[in-house]
Amino acid sequence: DLASKTDTQETSFMDEHAASVERQKLVNSEGDDNYDKIMEEVGFGRFQLFLLLLCGWANASDAVEMMGVSFIIASTAECDLDLSDMRKGLITSSVFIGMMAGGWVWGSLADRHGRRPTLIVAMLVNALFGGMCALTTSYQEFLTLRILSGIGVGGSMPIVFSYFCEFLPPSRRGALLNLLAAFWMVGALLVAGLAWAVLSPKDCSYPDGADLDTRCVFARTHECAHLPTIFGALTTWRLFAGLTAVPALLSSVLLVFAPESPKLLLRVGRVSEAHRILRRMAAANGKTLTLDDEVSLPLSTVRGTRVACMHVITDLFSSLQHVAVTTKALFEPHTRRVTLLLAGVWFGMCFGFYGLLMWLPEFFKSGGVSTSFDPYLASFLVALANLPGNLFASWAVEALGRRALLVLSLAVSGASVFSIFGIHSAVGNVIFSCVFSGVSVAAWNALDVLSVELYATQQRSTAFGFLAAVGRVGAILGNTLFGLISGSNPALPLVLTGAALIAGGIFGALLPNTKGMPSH
């Protein structure tokens with residue numbers, strides 16, 4: 001009958017569609033295998049080292065911008081901007097609010113318009129609004145500029161990993177991505193050293209236990225935290241805020257000299273341009289690469305990055321539509337489980353790690369270390385503790401695998417948080433913070449590698465941006481809660497931090513391990 005015939009036709013259509021999808025997956029897989037073989041022929045050498053320094057500096061710039069605010073709220077900015085504990089919590093959350101919006105949108109724009117130009121614009125946004133923070137005169141202005149600066153940071157972080165990954169031979173991909181992640185330590189050391197050099201010499205030695213009003217009266221009376229200049233006295237925190245924007249500005253300039261991702265160019269049909277870049281890479285590494293003109297990758301639904309004669313508003317609307325489409329694709333059956341598990345890991349890590357780490361300078365200044373122990377030196381030592389964590393991660397990411405490193409690091413860092421209840425000395429607090437920082441950075445390195453390797457080229461930046469946005473929600477909640485409850489119940493934030501990190505480790509244990517897998 002007619003109904004039976006219709007059902008048969010629908011079944012046939014669904015079977016044909018499923019077969020078509022499987023055929024396309026096979027074509028994509030074959031194309032990705034070919035690209036990996038080409039990258040192995042290009043090899044590892046001067047080109048990748050050059051790009052590692054450029055992308056690494058961009059990653060370090062983000063660390064400077066993100067962590068710089070934690071030193072600002074612990075300075076006399078609390079008096080100049082009238083910062084209560086709640087306002088401090090909102091300010092440390094502000095950069096994550098911007099990153100939540102920026103990471104999602106910028107990542108999709110990078111998949112559509114190219115990695116390099118989108119990364120340059122994101123770094124410029126970071127530098128512009130971050131530098132303007134030095135000129136603010138009110139809490140509201142500072143908060144707004146921090147959010148706008150965070151939009152730039154949120155764009156550069158997901159793009160830089162996707163971009164760098166597509167220039168790497170598979171045999172060295174995990175180790176090199178881990179090295180890229182290690183540049184976060186460079187930024188952490190830079191901003192802590194900058195705070196130590198700029199803020200510490202002119203720091204106000206407040207009486208122990210002084211509240212905000214007492215500290216502000218003391219600062220005005222003793223005229224501390226000011227540097228004499230030909231233009232008059234300059235507040236040290238303003239100088240510090242301006243200097244933290246310089247690395248992002250320098251990064252945007254240096255990235256002009258980098259090429260576009262050849263893998264993305266192949267995906268959008270710009271074959272000759274991609275081949276030219278691949279040959280340049282091989283030549284820089286001292287090799288000769290012969291490419292068949294037919295060598296290409298299956299075209300993605302993301303078309304060329306140059307759209308001629310298109311009105312700006314139309315292009316923006318089209319780009320926003322692309323954000324929605326590519327984000328929806330992350331929840332298709334073959335990627336849904338990975339996306340949800342990674343989102344759980346990102347949320348737990350950002351809630352716990354940033355919730356605690358962004359408050360450490362304030363914790364040290366408010367009595368976490370004794371007045372005989374320079375709180376800026378304490379922050380510098382915590383940043384330096386990333387070094388052994390990165391060295392361990394460089395070995396473990398290949399020896400143990402990405403997933404095992406992630407789960408192990410999260411379990412240890414989560415458990416270590418509870419040890420602080422037995423610590424009653426300044427030196428003990430600093431040692432705990434160093435251990436927490438060193439172990440946590442290994443987890444971050446593993447998560448960065450997994451987040452890049454578990455998605456295909458045409459989804460990679462969008463996925464990283466979406467996951468980063470989920471993480472920012474966790475960071476916002478963590479920092480806001482810490483600001484609200486740290487004064488009345490200092491133990492509760494630590495309990496929440498440990499629980500969030502351990503929960504992230506449980507989600508991570510359910511992820512596939514990407515060690516030895518071909519890139520997509």
Side-chain angles (χ1 to χ4, degrees), residues 58 61-75 77-78 80-109 118-119 121-159 187 191 237-238 240-249 251-252 316 320 323 346-347 350-351 353-355 357-359 361-362 465-484:
S61 301
D62 290 336
V64 170
E65 188 63 29
M66 282 183 59
M67 300 180 69
V69 70
S70 62
F71 293 99
I72 293 174
I73 64 171
S75 70
E78 65 179 358
D80 296 337
L81 303 178
D82 190 21
L83 301 181
S84 62
D85 283 345
M86 181 177 180
R87 285 185 169 186
K88 288 179 180 179
L90 291 173
I91 284 178
T92 56
S93 299
S94 61
V95 67
F96 297 107
I97 295 172
M99 290 171 70
M100 181 175 61
W104 197 349
V105 175
W106 286 110
S108 186
L109 292 178
T118 309
L119 181 57
V121 174
M123 297 301 298
L124 285 173
V125 170
N126 176 0
L128 174 63
F129 294 109
M132 289 175 63
C133 287
L135 306 176
T136 55
T137 57
S138 70
Y139 158 74
Q140 290 79 9
E141 291 175 0
F142 190 85
L143 182 67
T144 301
L145 289 172
R146 293 304 305 174
I147 292 173
L148 294 174
S149 173
I151 291 175
V153 177
S156 55
M157 287 185 70
I159 298 171
V191 72
W237 75 262
R238 295 187 186 278
F240 175 77
L243 290 175
T244 57
V246 173
L249 180 62
S251 179
S252 63
L316 177 61
L320 291 175
V323 172
W346 274 86
F347 183 91
C350 287
F351 181 95
F353 180 78
Y354 289 120
L357 206 62
M358 293 291 283
W359 278 88
E362 173 71 8
F466 170 76
L467 294 170
V470 172
R472 304 321 164 211
V473 174
I476 291 166
L477 289 175
N479 277 277
T480 303
L481 280 173
F482 275 40
L484 290 172

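Values reported hereafter were calculated over all heavy atoms of this structure, with side chains retained and with hydrogens, waters and symmetry mates removed.
- In plain terms, the two heavy atoms of Ser61 and Met123 that are nearest each other are CB-CE, 3.7 Å.
- Between the CD1 atom of Ile72 and the CG atom of Asp80 there is a distance of 11.5 Å, given to the nearest 0.5 Å.
- To the nearest 0.5 Å, atom CD of residue Gln140 and atom CG of residue Leu143 are 8.0 Å apart.
- The two residues Phe96 and Met66 make their nearest non-hydrogen contact at CE2-CE, 3.3 Å.
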Next on the checklist: Checking Ile147 against Phe129 for the side chain to side chain contact (heavy atoms under 4.5 Å, CB included) test, could you report, in this order, the C-alpha distance in whole Å, the side-chain angles of both residues, the deciding distance, and whether it holds?
Outcome noted: CA-CA 9 Å; Ile147 292 173; Phe129 294 109; over 6 Å; no
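- Shortest non-hydrogen contact noted between Leu81 and Tyr139 is O-CB, 3.3 Å.
- For Arg238, the salt bridge (charged side-chain N to carboxylate O under 4.0 Å, His left out) criterion is met by no residue, not counting sequence neighbours.
- In this structure, CE in Met67 is found 12.5 Å from OG1 in Thr92, a value given to the nearest 0.5 Å.
- Distance alone, capped at 3.5 Å, places no donor-acceptor pair between the Ser149 side chain and the Arg146 backbone.
- Atom CZ in Phe347 sits 13.5 Å away from atom CG in Leu467 (nearest 0.5 Å).
- When all heavy atoms of Ser252 and Leu124 are compared, the closest pair comes out as OG-CD2, 3.2 Å.
- For the atom pair Ser94 OG and Leu145 CG, the distance stands at 9.5 Å (nearest 0.5 Å).
- Taking every heavy atom of both residues into account, Gly130 and Ala245 meet most closely at C-CB, 4.0 Å.
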Next on the checklist: Let's go through Phe142 and Ile73 carefully: what are the C-alpha distance in whole Å and the side-chain angles of both, what is the deciding distance for side chain to side chain contact (heavy atoms under 4.5 Å, CB included) to 0.1 Å, and is it a yes or a no?
Outcome noted: CA-CA 11 Å; Phe142 190 85; Ile73 64 171; 5.5 Å; no
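- If you take OG on Ser251 and CG on Leu119, they are separated by 6.5 Å, rounding to the nearest 0.5 Å.
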Checklist entry - Between Thr244 and Glu65, is a side chain to side chain contact (heavy atoms under 4.5 Å, CB included) present by the stated rule, with each step listed? => result CA-CA 6 Å; Thr244 57; Glu65 188 63 29; 4.2 Å; yes
